[in-house]
Structure formats: C-alpha cells, structure tokens
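Structure record follows, encoded as structure tokens.
None of the values given here were measured: they were computed from a predicted structure.
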Amino acid sequence: MLLQLYSYTFLKNVMFMATKRFRALQLQVHQVLCNSPQPGPATFVAYCLYILPIFGSYCEGFSHLIVSAFHRFLKTAATTGDSLEAKIIAVRLFLDIVEGSIDHDERIAVKILEVFDIKLTDIEKVASQSKAKNDRRFHSVKAFLEQYIFGFIESESYMTAVNLLEHFSIRQSGESFLVKMIEKKQFRAAEKWATFMGKPMLSMLIREYVGRNKLKSAYLIVKKNNLQQEFPDVHHKYKESALKKLAEKACWDVAEAKANGDRQLVEYLVYLAMEAGYLEKVDELCNRYCLEGFPKAQEHEANFLQHCFLNLNELGVEDIIWVDELNGLGKATCHIEGSKVVGLDCEWKPNYVKGSKPNKVSIMQIASDKKVFILDLIKLYNDVPDVLDNCLTHILRSPRILKLGYNFQCDVKQLAQSYGDLECFKCFNMLLDIQNMFKDPRGGLSGLAEKILGASLNKTRRNSNWEQRPLSQNQLEYAALDAAVLIQIFYRVCDHSHTADALDEHNKIEWKSYIVSHMDNLRKSRKESRLRKEPELEVKDNEA
C-alpha cells in the first residue's frame, strides 16, 4: 500500500511537471506563429509536421505540441493568409500517412484533418491532380478512406474510426458496429457514433444500455437528446438504481434526499429498508410521508435480526455502557485496564459534501469480554480533555492489553485529525489489525464475521447520524457489535475451531508482527522501520 501511494504521488508530480512544461513549450510555439513565420503560419506548421517523423520517438510528442499550439493560434488569429496553400500540403501529408509513406500516429492524422479543416472534396481535388503522376493513387477517394477506416475498426481503434467517419460524414456502418463498440466497452466512441447517426441509433444505444443495466448512461443520453417521451421509464429506473446503490452503502439520508419527496421513489426506498432489515427506517419513512400498508418495526425487527445477523447475546455481551462524564470514564478505564484483550472501533457522522473534511470522530467503542463501553468523545473532549487524554493514553499504550481493530489505520487517521492536540492517539502499543490476519478481506468485517462465526453483521446503520444525542438503542447495539465481534473472531481463530483462512500455527506464534507500534511509522523509511522492529517486539515479548 505504501509503495502504491509513493508511486501514485511520484507519477502525479511528474504529470504535473510535464503538463506545466508542455504548456510552457506550447506558449513558445504559439509566439513563433504569432511572429508570422515564412511562408505563413499554417504552411509553416504543415511543413513541420511533414519533417517531424525524422525525429523518431520524439515525433509524436512534438506533433501534439505543434498542432495544439496551432489550434490555439487559430482561435485568436483572424486569418492566416496562407490557408489554401497550407491545406493542400496538409492533404498531401494526410494521404502520405494513409499510404504509409509518412509515419505519424493515427491521432495526429485525425488532428491534421480537424485543424486544417480538410473535407472529402479537398482530398478528391488533390488526389485527382496526382493521378497522372501516380497511377497507384485512388480510383475512388471515398472507397479508399472507408478501407482506411475499416482498418481501425478491425484493430479496435474505435474512437479513431468514429472520428474519421464523422469527419467525412460517412454513414455506412450501422447497428452491428454500435453493438461491437458496446461489447468492447468503448462507450465514449459508441455514444459519439450514435449521436452522429441520429435518433434511431441513439434509441438503440439507450435500449442496449438499459438491457445491460447501465441506467445512468441511458438516462444521461435521454436527457441530453430530449428523448423523455420515447423513454419515459428510463429516468425512474435510473433513480431507483441510484437509490439501491446508496442503500447498499447504508447512505439512507442521502437516498431519501435523492428521492426528493417522489412518493413512488420513497415507497421503493421503504422496500429497500425492509429488505435490508432496517425496519426502524421503514417506520421513520412511513411516518414522515404518511405511507400505509407497511409492517411496523417493533412487530418484526427483533425476529428478522435474530434470524439474519449476529446479536450481542450470541457474543456473550452482558452490558453496553454509555460514557460521557468524569466518573463513568474513570470506571471504564479501571475495567478496561483489567482486561487482556479489547476490541476497538470508532464512528463519525458521514459527510456527503464532495471535497469537504470528514466530521469529527463522535464515539469510540472499547469492548471487553462481557462489556462494551461507548465513549462520547465529543462531550468528553469538551468537558474533561486532560482526563480523557490521560485515560486513553493508559489504555492505548499499555503493553499488557492486546487491542484489536479492523482496518484500524483508517480510525487512527480520523482520531488524529479530529483530536490532534491529544497525545493518546499518537502512539499505540499492542494494536493488532484483524484484517491483516486474513488473505481475503472481501466483505469487510461483516463478511469476516460470517466466515468465522457463521453470521454477518447488520451494517444498515453504519452511515447514520452519530452526532445525535441520545443515540438510538439500535445505534448503540450496532456500535457495540462492531467492537465486540473482534474479540470473538480473534478467540475463534486462535482456538482453531475454524480452519478456512484462519491463522496457522506459525502465524499464531508470530501474530505480534502485525502490531502497529506507532502511528507515525507509516511515514518513516523502511530502513528505520527495520532497525526499530526487532527491539520493539523483544520488549513486548518480555512485558507480555
């Protein structure tokens, strides 16, 4: 993961510098064109493109640079004064590229057509003048171009083929061409081709998208081309699909906002909530929108959850304790310090505004074998920050308590960002991320619980409002489960009562190699990490 992050950062910086340098060079070429190079700007560019292939591997980059600078120049220049002569040279260049006597990238060929505004009639005129000199030239320019374009279709360069067909207004390829592009997932090329061909082809594209469940793409095409009357159901199907995706991510508040009061969509959202076992949400929506005919949560939820998901009784949890004041924090700390293994988890209110910072971590769950303490971090931080810092430092840095998490790196980052002035979240001893003990983490904690314990977790409330006070009983139980299940998974694996993908004997002995000792270790060099690793584990072995 660190290597991927480093590679991404490096490539991003290289791309930024390359883009910045390209724009600087483009500006220089643009200035040259503005200074009226002889015999004229357009002719100068055409001749440059003719000779660039001699530069070999640099040809493509230089060609894109010159064409883009010329395109920019044409936007500001009233006229080049040499456009006719330049067009003839550009046509000859294009024909030489097509015949293979000049080696240019296919995208440059398309750009030459566009920037010099070369039409089929221009090519026919130049070709007719060349016939006497070269009998191998075209008997039919259009047929020759179609053969050239067909080569791109055969090589699956669909966007190049579509650009050329559209540029020369060739409409011979039909439905099979469209289907082929869709099957090859060349959707941009397919949409451009269908738009060029007109309403019948657009209608076919929409039907293909709907059949392949690409409802958003179908909806956008319908909207863009004013085809609502022809496809009245596409919009509604797309909205339902969007609601379903949000429901699967447990983004119920966003889903409700997307429904925008539409009764049919709200009813669909209710059915999604029922399907997910979120009958509390069913009641909430039914009451808010005066919907009737749906089951009441209190009549069905306990039964539903008992048969489908893990519950606290199965995990042996006897009590959930809410901690939001000084005395409760002290009692919780004493109990936790007497435990050998605890499960850790955090929750915060989701933020759906793109690009904005995440909300503060609202609660922290710490589970022992029989109890789960839920710390109201927001209130404790406001009321007794020093005591909170001291208590959590004792817990999180204790070498005698094994602290279990799942993908806890994410929680550590959020805790540090939310409460950066507290020392307790800057260093951890004996923190074991359960996720790292398994080869296949698909399905998250819920999937792992199903694999190891035989039943999954109900995740419908994971994106609920964790800043509301008081939290609902369902929220409290959800939060407690996420921490308590970590202990049971760890015990089950270590007891070898489950074998598939569990720790083998060697890993059981070496489990401390998964410990995260310090949050800043991620930023240290590999050399430093190796130097620190052995002494740290040695100390822990002695202390344990």
Side-chain angles (χ1 to χ4, degrees), residues 312 315-347 361-406 408-409 411-412 414-416 418-419 421-434 476 479-495 511-512 514-521 536-544:
L312 290 169
L315 299 180
V317 175
E318 297 175 353
D319 202 4
I320 302 173
I321 302 169
W322 178 256
V323 179
D324 65 353
E325 44 80 35
L326 185 61
N327 290 334
L329 181 59
K331 292 178 182 178
T333 304
C334 288
H335 177 88
I336 294 165
E337 285 188 310
S339 304
K340 292 183 178 179
V341 181
V342 297
L344 301 178
D345 192 35
C346 300
E347 307 293 346
V361 176
S362 177
I363 60 172
M364 184 176 191
Q365 309 97 277
I366 306 178
S368 65
D369 289 348
K370 301 294 183 183
K371 296 181 180 182
V372 181
F373 296 91
I374 300 181
L375 278 60
D376 185 347
L377 291 183
I378 293 177
K379 188 172 187 299
L380 290 169
Y381 178 74
N382 288 332
D383 294 350
V384 286
D386 294 339
V387 178
L388 175 66
D389 197 5
N390 185 53
C391 290
L392 288 180
T393 297
H394 276 83
I395 294 169
L396 299 177
R397 297 188 185 182
S398 172
R400 292 179 295 276
I401 305 172
L402 175 61
K403 292 161 280 290
L404 307 173
Y406 188 89
F408 201 66
Q409 180 180 327
D411 291 341
V412 167
Q414 287 298 115
L415 287 165
S418 300
Y419 306 99
D421 55 335
L422 297 184
E423 293 296 318
C424 57
F425 300 129
K426 295 179 181 178
C427 182
F428 297 83
N429 282 332
M430 296 292 283
L431 175 61
L432 177 60
D433 195 327
I434 292 289
L476 291 172
L481 270 166
D482 266 13
V485 74
L486 295 169
I487 297 175
Q488 297 306 316
I489 290 173
F490 179 73
Y491 284 161
R492 184 70 63 90
V493 169
C494 290
D495 288 344
W511 59 268
K512 290 184 180 180
Y514 295 104
I515 294 172
V516 177
S517 301
H518 196 287
M519 189 177 67
D520 289 335
N521 276 352
E536 284 180 349
L537 292 179
E538 216 173 288
V539 171
K540 291 187 181 81
D541 286 337
N542 293 334
E543 289 175 338

### Task
Go through the steps for Leu344 and Leu396 under the test side chain to side chain contact (heavy atoms under 4.5 Å, CB included), then give the verdict.
CA-CA 10 Å; Leu344 301 178; Leu396 299 177; 3.9 Å; yes
### Task
Go through the steps to decide whether Trp322 and Ile363 satisfy the test side chain to side chain contact (heavy atoms under 4.5 Å, CB included), and finish with yes or no.
CA-CA 10 Å; Trp322 178 256; Ile363 60 172; 4.0 Å; yes
### Query
Going through the checks in order, is the side chain to side chain contact (heavy atoms under 4.5 Å, CB included) test met by Leu392 and Leu422?
CA-CA 10 Å; Leu392 288 180; Leu422 297 184; 5.9 Å; no
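Summarising the geometry, atom CG belonging to Asp411 is positioned 10.0 Å from atom OG belonging to Ser418; distances are rounded to the nearest 0.5 Å. The CG atom of Leu388 lies 8.0 Å from the OH atom of Tyr419; values are rounded to the nearest 0.5 Å. Considering CD of Glu347 and CG of Leu377, their distance stands at 11.0 Å, rounded to 0.5 Å. Atom CG in Asp383 sits 8.5 Å away from atom CG in Asp376 (nearest 0.5 Å). Here OH of Tyr406 is found 9.5 Å from CG of Leu486. Values are rounded to the nearest 0.5 Å. In this structure, SG on Cys424 lies 12.0 Å from NE2 on His394, to the nearest 0.5 angstrom.
Contact detail for Leu415 and Cys346: the closest heavy-atom pair is CD1-SG, 3.8 Å. Between Val317 and Ala484, the shortest heavy-atom contact is CG2-CB, 3.7 Å. Closest approach of Ser339 to Ile401, counting heavy atoms only: O-CG1, 3.5 Å. The two residues Ala332 and Val323 make their nearest non-hydrogen contact at CB-CG2, 4.1 Å. Closest non-hydrogen pair, Leu312 versus Ile320, comes out as CD1-CD1, 3.3 Å. Summarising the geometry of Leu329 relative to Cys391, their closest heavy-atom pair is CG-SG, 3.9 Å, with the distance given to 0.1 Å.
At a cut-off of 3.5 Å, with distance as the only test, a side-chain donor of Ser368 or His335 sits close to an acceptor on the other residue.
In terms of modelled atom types and a separation under 3.5 Å, the side chain of Gln365 and the main chain of Ala479 share a donor-acceptor contact. Of the possible donor and acceptor atoms, one in the side chain of Lys403 sits under 3.5 Å from a partner among the backbone N and O of Asn429. Formation of a donor-acceptor pair under 3.5 Å by the Asn382 side chain with backbone atoms of Ile378 is found in this model. Between the side chain of Asp389 and the main chain of Glu423, a donor-acceptor pair closer than 3.5 Å is present. Asp345 places no side-chain N or O within donor-acceptor distance of the main-chain N or O of Ala483, the cut-off being under 3.5 Å.
Using a 4.5 Å heavy-atom cutoff, the side chains of Tyr381 and Val361 are not in contact. Residues Val341 and Leu432 have side chains not in contact (no heavy-atom distance under 4.5 Å, counting atoms from C-beta outward).
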